[in-house]
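Scope of the values below: all heavy atoms of this structure, side chains included, with no hydrogens, waters or symmetry mates.
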Amino acid sequence: MTDGDTGERNDAAADRSTVLLRGGLAVVLLAAVGATGGWLLAGKDEPTAAPPAAAERLPSATGTPGAARSTPGRSAPAAPRTTGPSRSAGLTVPEVIGEDFTDARDELREKRLGWRLVFGRGTGTTVERTSPQVGTEVQPGRTVTLYVSGPAPTATVPDVVGDDCDDAADELVDEGFYPQYRTGKTGTVSRQDPAGDGTGRWNDQVSIWCGDVPEDDGSASPTP
């Protein structure tokens with residue numbers, strides 16, 4: 001009796017162990033399946049990471065992609081300035097040798113060149129030489145000296161009283177005289193010396209008084 005009960009109890013214990021073992025395996029299996037399913041579900045809902053994007057190319061001020069942008073407040077260094085030789089503007093002393101000095105003077109004026117007359121002791125009124133020499137490259141406004149073969153010829157002094165000072169000076173120069181300003185270079189000519197219609201020679205000076213002439217214009221010698 002005792003042995004029979006003991007055998008039954010041992011068989012029952014063995015059956016319970018088998019059940020418990022199977023139950024434990026089932027729990028472990030279910031846990032594993034649950035974890036796998038949870039991972040799959042979590043992986044399905046989670047967004048896939050995007051691949052690293054290429055560096056964005058910034059547009060330039062002109063809208064061209066990828067162009068370099070200028071740095072505010074900075075500018076490119078200026079190119080060094082070089083000083084080149086001056087140019088003659090294509091001007092040369094004209095061929096005036098042998099011409100009458102009045103024609104030679106007019107030719108210089110047309111070319112925007114100044115002139116200076118130097119009269120000689122021979123005869124005639126022709127140009128013997130120039131300085132600078134004929135054909136020399138010159139700048140506009142350059143004074144060219146004309147050497148005339150004979151002495152200064154006579155000329156009639158123009159009457160410039162009442163004329164504007166600038167106009168009076170131009171007229172005197174046209175007739176071969178040089179204005180000498182006594183009271184400035186603006187206003188109307190109120191007096192001249194020598195008087196108009198008198199006789200003089202080329203290169204003579206003619207004094208003119210322009211504007212309001214003071215009572216004491218300095219032309220008279222002071223009394224000691």
If only atom types and distance count, is the side chain of [X] paired as donor or acceptor with the main-chain N or O of [Y] below 3.5 Å?
X	Y	value
Glu99	Val127	no
Asp106	Asp103	no
Ser149	Thr123	yes
Glu110	Arg112	no
Glu128	Leu146	no

Just verifying a value: how many Å separate [X] [atom1] and [Y] [atom2], rounded to the nearest 0.5 Å?
X	Y	atom1	atom2	answer
Leu172	Glu175	CG	CD	8.5 Å
Leu108	Thr130	CG	OG1	8.5 Å
Arg116	Asn203	CZ	CG	8.5 Å

Side-chain heavy atoms under 4.5 angstrom apart, residues restricted to Ile, Leu, Val, Met, Phe, Trp, Tyr: same cluster for [X] and [Y]?
X	Y	answer
Trp209	Val161	no
Val138	Val96	yes
Trp115	Val134	yes
Val93	Val118	no
Val173	Val189	no

Counting only heavy atoms not in Gln205, do more than 12 fall under 6.0 Å of its CD?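 Atom CD in Gln205 is crowded, with more than 12 foreign heavy atoms closer than 6.0 Å.
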Can you name the nearest heavy-atom pair linking [X] to [Y], along with the distance?
X	Y	answer
Ile208	Pro179	CD1-CB, 4.2 Å
Gly176	Arg105	N-NH1, 4.2 Å
Pro132	Thr143	CD-O, 4.1 Å
Gly184	Cys210	O-CB, 3.7 Å
Arg129	Ile97	CA-CD1, 3.4 Å
Gly122	Pro151	O-CD, 3.3 Å

Donor-acceptor side-chain pairing of [X] and [Y] below 3.5 angstrom:
X	Y	value
Thr154	Arg201	no
Thr92	Glu137	no
Ser207	Asp193	no

Is the distance from the ring center of Phe119 to that of Tyr147 below 6.0 Å?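 No - the distance between ring centres of Phe119 and Tyr147 does not fall below the 6.0 Å cut-off.
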Below 6.0 angstrom between ring centroids: does that apply to Phe101 and Trp202?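 Ring centres of Trp202 and Phe101 closer than 6.0 Å.
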Which residue in the set Asp166, Asp163, Val206 passes side chain to side chain contact (heavy atoms under 4.5 Å, CB included) when paired with Glu171?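 Looking at Asp166, Asp163, Val206, the match for Glu171 under the side chain to side chain contact (heavy atoms under 4.5 Å, CB included) is Asp163.
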Less than 4.0 angstrom from a charged side-chain N to a carboxylate O is my criterion; do Arg109 and Asp174 meet it?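 Here Arg109 pairs with Asp174 in a salt bridge, since their nearest N and O are under 4.0 Å apart.
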